[in-house]
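The block underneath contains the structure these notes are about, expressed in structure tokens.
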Amino acid sequence: MNGAYFDQFKIVGLIALTNSSMMMVVAVVVVLLLFKGTRLIPERWQSIIELIYDHFHGVVKDNLGSGGLKYFPFIISLFFFIVFLNVLGLFPYVFTPTVHIVVTLGLSFSIIIGVTLAGFWRFEWDFFSVLMPGGAPLGLAPLLVLIETVSYMSRAMSLGVRLAANLSAGHLLFVILAGFGFNMLIASGFMGFFPLLIMVFITLLEVAVAVIQAYVFCLLTTIYLADTIILH
């Protein structure tokens, strides 16, 4: 029984893709269709998308300034991509790629490598100054550079592990409580209203976790991109 809880994390090969890569393609198609049917007078879904769009535009501008708005399309696209991967994974028999750490680390390492290359492109060798806090004593420079280097490299690990760990734990909790609620529903008969309430609450909680984790991932990415705008 315990082994069945982890069946949802198995990667299965399909005709030309795996279930993981297929869900990534589906998420991209859903996002493209979502932005395709825009109207002058927005409907309910378009209004929600516009609110999200305006919010992230403000987040990018507040953290990166007007010069950092060039990263806004990347941030908003990354958010919708991750949030749809997370939310679609809550449906039955749908695989969630972001529960696999190899996927999330692939995203996070790609972002940190991109930030580093963009920093070198803009500041050249002066970019190494991010590894030395301003105003620190020169005698502590070797130790501080070592600490800051480890801290800088750990960004990629923390960014990817946070997303995968929270979603994996949430999916396991969801499956365990779903099985528990289903057994209670069968055993209780007419009094099965309470197990249904549990399932509704857990479902809403998992949707909130899926959206919040995508938001945190994009917010931290925005903060890290500040190193390509101004040296600290």
Side-chain angles (χ1 to χ4, degrees), residues 11 17-18 20-21 23-25 27-29 31-32 35 52-86 96-136 138 140-167 212-232:
I11 295 180
L17 302 171
T18 62
S20 179
S21 55
M23 281 307 303
M24 293 184 190
V25 174
V28 171
V29 172
V31 172
L32 291 177
F35 280 94
I52 297 173
Y53 184 96
D54 291 338
H55 175 75
F56 273 98
H57 187 275
V59 168
V60 173
K61 189 173 182 179
D62 291 342
N63 286 277
L64 304 180
S66 299
L69 289 177
K70 59 185 178 182
Y71 295 119
F72 171 67
F74 169 69
I75 295 297
I76 192 70
S77 300
L78 182 66
F79 173 76
F80 279 111
F81 176 67
I82 296 177
V83 80
F84 275 103
L85 284 181
N86 296 348
T96 312
T98 43
V99 299
H100 276 264
I101 196 169
V102 66
V103 175
T104 57
L105 285 182
L107 287 172
S108 60
F109 270 96
S110 299
I111 291 169
I112 298 303
I113 291 173
V115 168
T116 305
L117 293 177
F120 276 115
W121 180 269
R122 179 178 176 87
F123 301 108
E124 298 181 347
W125 296 109
D126 291 336
F127 184 71
F128 281 114
S129 62
V130 300
L131 303 179
M132 180 62 184
L138 188 61
L140 295 177
L143 178 61
L144 292 176
V145 168
L146 178 61
I147 294 174
E148 290 297 325
T149 302
V150 174
S151 175
Y152 186 85
M153 295 178 63
S154 66
R155 290 179 176 183
M157 292 294 297
S158 63
L159 195 62
V161 170
R162 180 186 295 104
L163 179 60
N166 281 283
L167 290 178
I212 291 172
Q213 290 304 315
Y215 180 80
V216 170
F217 191 95
C218 294
L219 180 61
L220 291 176
T221 300
T222 304
I223 295 173
Y224 296 156
L225 284 170
D227 289 336
T228 68
I229 303 297
I230 184 173
L231 292 176
H232 301 289

Is [Y] close to [X] at the side-chain level, that is, under 4.5 Å between some pair of heavy atoms?
| X | Y | value |
| --- | --- | --- |
| Asn166 | Val216 | no |
| Leu69 | Lys61 | yes |
| Val103 | Met24 | yes |

Could you tell me the separation between the [atom1] atom of [X] and the [atom2] atom of [Y], rounded to the nearest 0.5 Å?
| X | Y | atom1 | atom2 | value |
| --- | --- | --- | --- | --- |
| Asp54 | Ile76 | CG | CD1 | 9.5 Å |
| Leu163 | Asn86 | CG | CG | 6.0 Å |
| Leu85 | Leu167 | CG | CG | 9.5 Å |
| Asn63 | Thr221 | CG | OG1 | 11.5 Å |
| Leu117 | Ile112 | CG | CD1 | 11.5 Å |

**Request:** Report the C-alpha separation of Ile223 and Arg155 in whole Å, then their side-chain angles, then the decisive distance to 0.1 Å, and conclude whether the side-chain contact (heavy atoms from CB on, under 4.5 Å) test is met.
**Result:** CA-CA 11 Å; Ile223 295 173; Arg155 290 179 176 183; over 6 Å; no
**Prompt:** Are there more than 12 heavy atoms of other residues, nucleotides or ligands under 6.0 Å from atom OH of Tyr53?
**Reply:** no
**Prompt:** Can Leu220 and Arg162 be said to form a side-chain contact (heavy atoms from CB on, under 4.5 Å), step by step?
**Reply:** CA-CA 11 Å; Leu220 291 176; Arg162 180 186 295 104; 3.1 Å; yes
**Test applied, side chain to side chain contact (heavy atoms under 4.5 Å, CB included); reference residue, Phe217; option that passes from Val83, Thr104, Ile111** =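 Considering Val83, Thr104, Ile111, a side chain to side chain contact (heavy atoms under 4.5 Å, CB included) with Phe217 is found only for Ile111.
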**Prompt:** Closest approach of Phe72 and Val60, non-hydrogen atoms and distance?
**Reply:** CD1-CG2, 4.1 Å
**Complete:** Minimal heavy-atom distance between Thr228 and Ala118, with the atoms involved, is CG2-CB, 3.7 Å
**Request:** Report the residues that fulfil ring pair (Phe, Tyr, Trp, His ring centres under 6.0 Å) with Tyr215, sequence neighbours left out, ordered by chain and then residue number.
**Result:** His55, Phe56
**Request:** Take Leu105 and Ser108 through the side-chain contact (heavy atoms from CB on, under 4.5 Å) test and state the conclusion after the steps.
**Result:** CA-CA 5 Å; Leu105 285 182; Ser108 60; 3.8 Å; yes
**Message:** Checking the side chain of Ser77 only, and the main-chain atoms of Phe74 only, is there a donor and an acceptor separated by less than 3.5 Å?
**Reply:** no
